[in-house]
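Just follow the structure's listing: the first ligand is 1, and inside any ligand the first atom is 1. The figures that follow rest on heavy atoms only: side chains count, while hydrogens, waters and symmetry mates do not. Since this is a predicted model, take the numbers as computed values, not measurements.
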Amino acid sequence: MTAPTPLLRVVVLVSGRGSNLRAIAARAAAGELAVRIEAVVSDRADAGALEWARARGIPTSVLSPRNFPDREAYGRALGDIVESHAPQLVVLAGFMRILSDEFVLRFSGRMLNIHPSLLPRYAGLHTHRRALGAGDREHGASVHFVTPELDGGPVVLQARVPIVAGDDEASLAARVLREEHVIYPRCIGWFAAGRLAFRDGAAWLDGKRLDAPVVCGCETKEGA
Ligand code: GAR
């Protein structure tokens, strides 16, 4: 008999509805992802993700930046909340606030983000609008380690989707989001299995330095 794999302690940071949080939790509940969500932390009291987490008995915290003089002070308080749950991995899942360098360095090598573009294209906001405006023929999502450069840390895994005639921001965002729900749990699973690490400023998978991200094609079906 082999001992059961210990579950990786994860804290998830959210600002909104939390569909990525739910996708990760669903994989964990199905026994396909060896993580335990220790807490969900938000900068916004009205984030739908909080209600969802509370209904499942997952501890939640809200820390509004309004009560702090600057990004650094907010980052220290946020970091203390996150650290109090002793996470082995911090997962940014639609956390829409720029983090202080100090916060990022505190969780260096154990913090992932998902971003709705094929980084390094379209760091920042309005990625779908920008991809459409540029006339791109493909778009996608990236999972990356978080470093002080906004959306600039080493990318581990990307999903590409086509941009098709008649697409608007909403249709493209929905197509990308379906892929996010596939690649984020997958990447977190690699980290939980000890296959993925951050070293010397780079991502390493199975002991090899990733000089380019792993790319997967569009796996979900429209309307599925
Ligand atoms: C996702 O599309 C995620 O990639 C994006 O916010 C959305 C959150 O959705 N994140 C960013 O833009 C970060 N720069 P969700 O709350 O349903 O997971």
- Query: What is the closest protein heavy atom to atom 3 (C) of ligand 1, and at what distance does it sit?
  - Reply: Glu180 OE1, 3.3 Å
- Query: Taking only heavy atoms of His115, which atoms of ligand 1 are found under 4.0 Å from at least one of them?
  - Reply: 14 (N)
- Query: Name the one of Phe198, Phe107, Trp190 that satisfies ring-ring contact (aromatic ring centres under 6.0 Å, His included) with Phe145?
  - Reply: Phe198
- What about Leu92 and Leu50, same hydrophobic cluster or not, with Ile/Leu/Val/Met/Phe/Trp/Tyr joined at side-chain heavy-atom distances under 4.5 Å? no
- Shortest protein heavy-atom distance from atom 12 (O) of ligand 1, along with the residue and atom involved: Pro116 CD, 3.3 Å
- Message: Any atom of ligand 1 sitting under 4.0 Å from a heavy atom of Met96?
- Response: yes
- Query: Out of Asp151, Ile114, Leu157, which one pairs with His144 under the side-chain contact (heavy atoms from CB on, under 4.5 Å) rule?
  - Reply: Asp151
- Query: Between SG of Cys187 and CG of Leu33, what distance do you get to the nearest 0.5 Å?
  - Reply: 11.0 Å
- Ile114: heavy atom below 4.0 Å from ligand 1, yes or no? yes
- Under 4.5 Å between side-chain heavy atoms, hopping through other hydrophobics if needed: is there a path connecting Val12 to Leu99? no
- Going by atom types only, do His139 and His128 share a side-chain donor-acceptor pair under 3.5 Å? yes
- Query: Counting heavy atoms only, which of Gly48, Ala23, Gly94, Ala123 is nearest atom 8 (C) of ligand 1?
  - Reply: Gly94
- Can you tell me if Tyr184 and Asn113 form a side-chain donor-acceptor pair at under 3.5 Å? no
- Item | Minimum-distance protein heavy atom relative to atom 15 (P) of ligand 1 | Ser19 N, 3.4 Å
- For atom 9 (O) of ligand 1, find the nearest protein heavy atom and state the residue, atom name and distance (0.1 Å precision). Arg17 NH2, 3.2 Å
- Query: Which of the atoms in ligand 1, numbered in the order shown and given with their element, are less than 4.0 Å from a heavy-atom of Leu177?
  - Reply: 2 (O)
- Among non-hydrogen protein atoms, atom 16 (O) of ligand 1 lies closest to Gly18 N, 2.8 Å
